[in-house]
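All of these numbers come straight from a predicted model, not from anything done at the bench. Both counts, for ligands and for their atoms, begin at 1 and track the order of listing.
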Amino acid sequence: MLFQKILIANRGEIALRIQRACRELGIPTVAVHSTADATAMHVRLADESVCIGPPAARDSYLNMAAILSAATITGADAVHPGYGFLSENASFAEMVEAHGLTFIGPSSAHIRMMGDKIAAKTAMASLGVPLVPGSPGAVADLDEARAVSARIQYPVLIKAAAGGGGRGMRVAGSEDKLEEAWSQARTEARAAFGNDAVYIEKYLDRPRHIEMQVLADSHGGVVHFGERDCSLQRRHQKVLEEAGSPALDAAARDALGETVTAALMKLGYRNAGTLEFLYQDGQFAFIEMNTRLQVEHPVTEMVCGVDLVREQIRIAAGQRLGYTQADVSFVGHAIECRINAEDPVTFVPDPGRVTAFHAPGGLGVRVDSALYAGYVVPPYYDSLIAKLIVHAPTRAEAIARMRRSLAEFAVLGIKTTLPLHQRIIEDPSFQAGDYTIHWLEHFMAAQAAE
Ligand code: MV4
């Protein structure tokens with residue numbers, strides 16, 4: 001018996017994704033919802049549901065006391081946090097365990113460690129994971145910033161220790177720009193995180209964002225599931241992801257995979273984790289680790305044939321992975337398009353009533369969504385409304401499958417980013433796999449100029 005009942009502390013497509021894994025394992029689920037989500041699909045499909053507060057996330061999906069009360073009154077014995085919201089909140093993981101429940105994720109100590117980007121880098125460096133050249137830890141003052149920058153050479157990037165997702169970062173192209181970048185980064189870090197600790201790295205000007213998916217059990221078993229290329233993003237919001245990366249071959253994947261699994265084994269890490277790397281000129285450099293299930297996990301599931309959420313639940317219940325790296329194989333290519341309720345040109349959110357909904361299907365097509373015809377997309381939360389994932393034997397066939405799936409997809413009544421994806425996949429340099437983290441910005445600017 002894995003668990004009696006799992007409370008899913010999330011909403012939307014990821015709440016459904018977790019429910020599906022629970023149902024296949026025979027585990028009843030409890031949905032939680034805000035008053036704005038009373039008619040949401042994740043509530044309709046759950047075995048039980050509890051209203052945890054008003055629409056604003058801080059009063060509902062971030063309300064730890066309400067969520068723990070919901071778990072207690074329904075007799076849940078485990079909590080899956082999904083992504084976002086409380087998924088990387090170490091205090092929440094601690095509180096879940098203090099209530100005698102199992103947190104389906106890593107230990108609170110590892111969540112806390114990776115939440116501090118300096119601690120994460122220090123740990124990874126000591127475990128043999130390559131880093132970007134930079135300061136060995138926090139940089140105390142402008143004099144030290146000057147010394148570090150002179151050593152690693154300009155341009156440099158000042159980053160907030162409590163940051164991530166791009167907040168509190170400033171580039172300095174030369175020494176005369178350092179003082180301004182330094183004070184801006186400190187001020188922004190203090191305002192955004194209440195913590196003005198910063199560190200410095202060599203600024204890489206045209207990297208790809210490549211991340212490695214790992215699972216670790218509580219018996220020392222650690223396996224990786226290859227990489228995802230998440231370079232196509234806008235303002236630190238990912239737009240389209242692929243597994244594998246068009247830039248890596250099997251040998252490069254195996255080598256990086258070996259490095260990360262060895263590191264996480266030594267660290268005693270448990271459950272799902274993703275290590276983020278910048279990749280430029282054939283070199284990998286670790287930047288951050290995410291201690292949660294990620295939005296883009298389906299592309300990995302498609303090429304590896306693994307149910308990552310099922311594995312998270314089994315690991316949390318103390319089970320062994322039951323397979324080794326040699327049992328993991330990578331078949332074909334997968335692409336995910338994130339469909340948001342947004343204007344496809346300006347990215348301004350466009351919540352409202354979905355008047356018609358038709359999802360594509362057929363061989364190698366997966367749609368993760370909580371949408372239905374008549375649903376009103378609320379304005380209070382993230383604008384992701386669906387993930388369209390395709391899998392095919394080759395990347396070219398995956399692109400062809402994505403093209404025909406996007407053409408089948410109908411979401412009426414609100415603006416969506418479907419047309420943006422249709423333009424991206426027709427672009428020759430996308431088709432060639434020739435892109436960096438800056439590609440989408442340039443693509444959007446070129447489209448606007450046309
Ligand atoms: C960098 C970088 C270039 N050089 N670090 C942005 C968010 C955070 N996760 C790390 N980020 C970056 N770190 C060095 N040394 C460029 C970025 C970056 C970026 C990274 C991944 C995906 C998209 C990005 C968009 C802009 C900047």
Provide the number and element of each atom of ligand 1 under 4.0 Å from a heavy atom of [X].
X: Glu201; result: 5 (N), 14 (C), 15 (N)
X: Glu276; result: 9 (N)
X: Val132; result: 15 (N)
X: Tyr203; result: 3 (C), 4 (N)
X: Lys202; result: 4 (N), 14 (C), 15 (N)
X: Leu278; result: 1 (C), 2 (C), 3 (C), 4 (N), 5 (N), 13 (N), 14 (C), 20 (C)

Are any of the side-chain heavy atoms of [X] and [Y] separated by less than 4.5 Å?
X: Val299; Y: Ile335; value: no
X: Glu311; Y: Val223; value: no
X: Ile414; Y: Tyr375; value: no
X: His224; Y: Val328; value: no

Nearest option to atom 10 (C) of ligand 1, as decided by whichever heavy atom of Ile152, Ile437, Ile287, Asn290 sits closest: Ile287
Shortest reach to atom 12 (C) of ligand 1 by a heavy atom, considering only Arg206, Gln237, Met169: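 Among Arg206, Gln237, Met169, the closest heavy atom to atom 12 (C) of ligand 1 belongs to Met169.
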Face-on cation placement of Arg395 at Phe430 ring, 6.0 Å and 45° thresholds: yes
Nitrogen or oxygen atoms of His236 and ligand 1 under 3.5 Å apart: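 No; the residue has no nitrogen or oxygen that sits under 3.5 Å from a nitrogen or oxygen of the ligand.
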For Ser107, side-chain hydrogen bond (donor to acceptor under 3.5 Å, both in side chains) partners two or more places apart: His110
Polar side-chain atom of Glu175 near backbone of Ala150 as donor-acceptor pair, under 3.5 Å: no
Pairing residues for Ser60 by the side-chain contact (heavy atoms from CB on, under 4.5 Å) criterion, not counting sequence neighbours: Ser34, Ile52, Tyr381
Residue portion contacting ligand 1 (non-hydrogen atoms closer than 4.0 Å) for Leu204: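 Both backbone and side chain of Leu204 come within 4.0 Å of ligand 1.
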Close approach of Lys238 to ligand 1, heavy atoms, under 4.0 angstrom: no
Lys159 heavy atom under 4.0 Å from ligand 1: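 Yes.
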